[in-house]
**Q** 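Handing you this structure, nothing more for now.
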Amino acid sequence: QCLPRLGGLDAAQVLVPVADGTADFLDSVLAHCQRLLEDDEPRVRAAVAECIGAIAARCGAAVFDVMGPQIIGSIQASFARDPPQTKEEAAARGGGAPCATGIAAAVAATAASANITTVPPQGVSGDNATRAGFTQRLLEAGYAEQRVGAGEMRHDTEGWRCLESSFHALQTLMEGCGTAGLPYMTSGMRMLILDSLRHQNRFVRERGHRVVQALLGVLSDSPLLTSIVDSLVPALADGLNDSWPQVRFAASEASRALLMAIKQRGELDVVLPQLLPAMLFNRHSVAEGLRRYSQTTWEMTMGTTGRDQVAHFLPEVVKFYTRQARANNHEFREAACECFSELAQKIDRGAVQPLVPAMLAAILGCFRDSSWPVREAACEACGQFAAAYPEETHLLLPRLWGLWFDHATENVPSVRETAAVALGNAVRAYGQEALDIVLPRARDMLERVKQQPADDDRYVKTSYGVAARRVDEAPPADDEDAALFGGPSLQPVTYTSAPAPSRAGGSGPGSGTGSKLFSISALSKEPNDCCMDAGFIRTREAWEAADGAAYLVRELASAAPDAALPPLMPLLAAAAAADHYAHACHLQETVWKQLPLIALQLGNKRTFKRYLEPFLDPLFRSVQSAAHHNSQAAAIRCAAFLRDWLGPRIFAGRLSLPQQQIMQQFVPTSIVYTNKACFVADAVKPKGLQ
């Protein structure tokens with residue numbers, strides 16, 4: 001039924017700007033806008049708002065005299081939520097009675113209802129019948145039908161009637177009038193707009209920030225702009241820190257409008273202490289639109305002085321980042337770790353150094369997060385601080401070694417690689433002290449692949465990533481192990497801070513000897529707020545430790561090649577040659593991707609050729625094997641790189657006749673990989689501080 005109204009308003013919006021000498025037409029459209037301002041259909045109300053804006057752009061501030069009082073009245077009437085419906089009101093509107101709360105309320109509700117007839121079950125009499133009748137009445141009251149959007153049990157976005165659309169109409173009216181609407185921007189109007197920025201309904205908050213943007217356009221040439229800055233800036237800062245990205249984006253648009261207006265007046269330092277931390281943080285937002293918009297706003301506002309401004313307001317920035325690292329949203333915690341890492345790399349040491357302990361404390365809190373992207377970001381950030389501020393980080397090394405090696409054996413490949421990068425940074429920062437710890441652990445991780453059971457296919461993964469039991473496998477006898485297969489456990493499980501148990505046994509990170517089923521979420525003090533872990537993580541396989549060690553060898557090839565490569569390269573070749581287990585192709589894929597990078601990091605071809613021989617046999621087995629296409633493709637690229645980097649004749653001279661035949665059959669001569677960018681895709685990172 002709303003389509004005729006919607007179509008008429010859309011047509012009027014198109015005709016209003018081009019209508020000539022038709023005052024009656026404009027008056028008629030405005031009358032319809034007044035009538036449909038609080039229409040039941042949201043699309044109609046949105047079209048009314050656009051029509052009001054078009055008429056205001058055509059006729060000027062006179063439209064404010066006609067529509068302004070009605071719009072303001074609608075906003076004031078809808079600013080508070082509808083009161084809970086009574087039973088009679090709900091029945092009049094076609095809904096059910098409100099839900100009773102508590103036994104007394106249930107009894108009262110059912111006693112007052114004449115439509116409920118209690119019939120005891122057949123064969124029940126006396127006191128038992130009385131109790132049965134009471135139970136039936138209680139259930140009928142507890143499960144009473146209730147209209148959606150009514151009563152107390154409502155979503156935050158329900159019950160506000162046309163509040164958001166009325167603010168939309170106010171926005172378009174102000175945008176259409178422009179600076180001519182200045183006389184109507186009274187103190188009451190400004191306070192009403194500011195109140196919308198902290199409204200309970202997120203859609204109202206989002207629309208309120210867009211109204212603020214329109215308000216700044218009206219006040220652009222007025223001294224009133226300076227008078228509202230003190231009350232407006234804290235509200236915008238709250239919007240930039242909102243839990244909803246849509247609200248943050250609308251607040252970013254309003255903040256840019258304010259910053260551009262303030263910058264022209266030379267009063268930028270007045271607003272930066274409150275807006276700069278959130279602006280800086282949103283440059284790392286997971287939401288792409290917000291991230292790009294914030295990056296552009298930063299460039300427009302700061303120009304080439306961004307780093308100096310961050311250093312000047314660094315205490316406020318660190319305080320804001322610390323709050324974000326403890327936020328309930330895992331995306332904010334991940335971005336906070338990335339922001340800390342950026343401070344370590346790009347801001348003046350004199351400003352950052354006194355605040356390093358506080359930043360490291362916030363990052364360590366994210367190391368035991370239930371979300372693996374947060375843990376990965378924390379791992380990277382600690383590695384950056386170890387490289388940039390080794391003295392300040394040295395006190396935390398006893399804790400960081402265990403955390404880094406624990407994450408180097410993680411189930412997630414990107415976490416293993418990030419932990420290896422952090423360990424490489426620690427070796428570069430601490431030299432021989434770090435090597436004495438890293439080299440034995442790296443050897444142990446590479447040798448652990450020998451302990452990998454050949455029957456690791458007894459666990460299969462569902463589409464949700466949970467380890468499941470094969471259909472032909474008997475269920476475990478011990479109830480404590482039932483949770484491993486997704487079944488309920490009747491006994492409480494006490495989680496410890498030990499890493500996930502390894503099926504290969506042993507001790508150290510990834511082994512978890514004597515520990516129960518492990519979940520990263522059990523280590524977090526905060527409740528699990530995302531679907532990354534959901535309270536379950538499968539046991540770690542021994543080959544995953546060797547996989548993490550492959551990344552670590554790559555890092556040590558540039559950090560300490562003379563000390564690390566002689567003992568580790570033969571072990572890496574042996575790990576690549578081991579194919580007695582089902583997932584060997586995954587480890588081999590990693591090795592074939594890292595071997596060219598190890599060669600490039602080493603740089604010396606003569607030295608690299610000393611380690612090449614043990615890799616050739618498993619490499620060409622992977623080249624001709626079609627069992628796993630990713631491993632085969634990585635092996636082909638690796639063989640092509642070695643051929644072109646060492647020289648075709650030199651490389652061919654090291655191959656046996658069957659290997660030369662495989663080379664000619666599977667490795668195209670047109671594939672040339674000569675630099676690191678061929679093997680590692682550049683990640684999209686926020687634009688650097690200027």
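Counting begins at 1 with the first residue of the sequence. Just so you know, these numbers come straight off a predicted model, no measurement behind them.
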**Q** Are any of the side-chain heavy atoms of Phe320 and Phe313 separated by less than 4.5 Å?
**A** no
**Q** Keeping to residues at least two apart or across chains, list the ring pair (Phe, Tyr, Trp, His ring centres under 6.0 Å) pairs with something in residues 215-236.
**A** none
**Q** Distance-only, no hydrogens or angles: does the Ser285 side chain make a donor-acceptor pair with backbone N or O of Asn282 under 3.5 Å?
**A** no
**Q** Kindly state each residue pair satisfying side chain to side chain donor-acceptor pair (under 3.5 Å) with at least one member in residues 162-178, sequence neighbours excluded.
**A** Arg45-Ser165, Glu50-His168, Ser74-Ser166, Glu164-Arg207, Gln171-Glu175, Gln171-Arg207
**Q** Please check this pair: side chain of Gln70 against backbone of Gln34, looking for a donor-acceptor N/O pair closer than 3.5 Å.
**A** yes
**Q** Are Leu6 and Glu41 close enough that some pair of their side-chain heavy atoms sits under 4.5 Å apart?
**A** no
**Q** Are any of the side-chain nitrogens in Arg198 or Asp238 under 4.0 Å away from the carboxylate oxygens of its partner?
**A** yes
**Q** Quick one: are the ring centres of Phe249 and His209 less than 6.0 Å apart?
**A** no
**Q** Give a yes or no on whether the backbone of Leu403 and the side-chain of His407 come within a donor-acceptor separation of less than 3.5 Å.
**A** yes
**Q** Would you kindly check if the NZ (Lys) or CZ (Arg) of Arg256 is within the cone defined by 45 degrees around the ring axis of Tyr293 and under 6.0 Å from the six-membered ring centre?
**A** yes
**Q** Is the backbone N or O of Ser341 less than 3.5 Å from a side-chain atom of Gln345, with the two atoms forming a donor-acceptor pair by type?
**A** yes
**Q** Taking the side chain as C-beta and beyond, is there a heavy-atom pair between Asp369 and Arg333 under 4.5 Å?
**A** yes
**Q** Side chains of Ile228 and Leu194, heavy atoms from C-beta outward: is any pair under 4.5 Å?
**A** no
**Q** Anything under 30° is parallel, anything over 60° is perpendicular, the rest tilted; go ahead and classify Tyr321 against Phe281.
**A** tilted
**Q** For the pair Glu206 and Arg210, find out whether any cationic side-chain nitrogen is under 4.0 Å from an anionic carboxylate oxygen.
**A** yes
**Q** Within the 4.5 Å heavy-atom criterion, are Cys59 and Leu26 side-chain neighbours or not?
**A** yes
**Q** Is there a donor-acceptor pair under 3.5 Å between the side chain of Ser28 and the backbone N or O of Asp24?
**A** no
